[in-house]
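For reference, the structure discussed in these notes is given below.
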Amino acid sequence: MKKVAAIITVAVFMYSIYYDLKIGTLPIDQAATAASEMNSSTGPEQINTMPYKEKKAESGDTIISIAESIHDGPLPVPIDQLIKDFKELNNGVKPDEIQTNKKYKFPVYSRQDG
């Protein structure tokens, strides 16, 4: 039984080293900075031409709920487009990485954008 426990312990330890080397464990702030540096090749001209509204994320908010409140109803574009535009406006921040009490830029669409 001790041998099995030792083998499992060694296997978990080796897997954690593999995971750390292969995928990494950057804190969120450093990951966002790295993502923004990688996304800087998209060019600021694309970001500057997209109309947006800045909103502070509250507890329980999602990008969809905030975008719908900005548009006073359902979105005029598909959710995939909203996610893509949100990432562009916020330097690669993913929708599931938004934090409470932080301001984010949300795209504003006209009704014919969809």
Pairwise distance [atom1]([X]) to [atom2]([Y]) - rounded to 0.5 angstrom:
X    : Y    : atom1 : atom2 : value
T100 : E58  : OG1   : CD    : 7.5 Å
Y109 : I70  : OH    : CD1   : 10.0 Å
F86  : I64  : CZ    : CD1   : 11.5 Å
K55  : F106 : NZ    : CZ    : 9.0 Å

| When Ile, Leu, Val, Met, Phe, Trp and Tyr are grouped by side-chain heavy atoms lying under 4.5 Å apart, directly or through other members, which residues fall in the same group as M1? |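 Direct or chained contacts put M1 with none.
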| said: Restricting to non-hydrogen atoms, name the atom on P107 and the atom on L82 that form the minimum distance, rounded to 0.1 Å. | reply: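 Looks like CG-CD1, 3.7 Å.
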| task | Give the minimum heavy-atom separation between L89 and K105, together with the two atoms involved. | result |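 It is O-CD, 3.6 Å.
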| query | In chain order, what residues pass the salt bridge (charged side-chain N to carboxylate O under 4.0 Å, His left out) check against K84, with sequence neighbours excluded? | reply |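 Residues passing salt bridge (charged side-chain N to carboxylate O under 4.0 Å, His left out) with K84: E88.
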Mind checking side chain to side chain contact (heavy atoms under 4.5 Å, CB included) for [X] and listing every partner two or more places apart, or none if nothing turns up?
X   : result
D80 : none
I8  : V4, V12
I83 : I63, I79, K87, P95

| query | Any sub-3.5 Å donor-acceptor pair from D61's side-chain atoms to A57's backbone N or O? | reply |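 Here the side-chain-to-backbone pair does not exist.
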| Sub-3.5 Å donor-acceptor pair from the side chain of N90 to the main-chain atoms of Y104, do we have one? |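 Side chain of N90 to backbone of Y104, a donor-acceptor pair under 3.5 Å: no, none is there.
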| Pairs meeting criterion side chain to side chain donor-acceptor pair (under 3.5 Å) with involvement of residues 1-17, two or more places apart |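 Those involving residues 1-17 do not exist here.
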| Which residue pairs pass the side chain to side chain donor-acceptor pair (under 3.5 Å) test when at least one of the two sits in residues 64-77, sequence neighbours left out? |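 Sorted pair list: T62-S65.
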| message | Do I98 and K102 have side chains that approach each other closer than 4.5 Å (heavy atoms only, starting at C-beta)? | response |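 No; the side chains remain at least 4.5 Å from each other.
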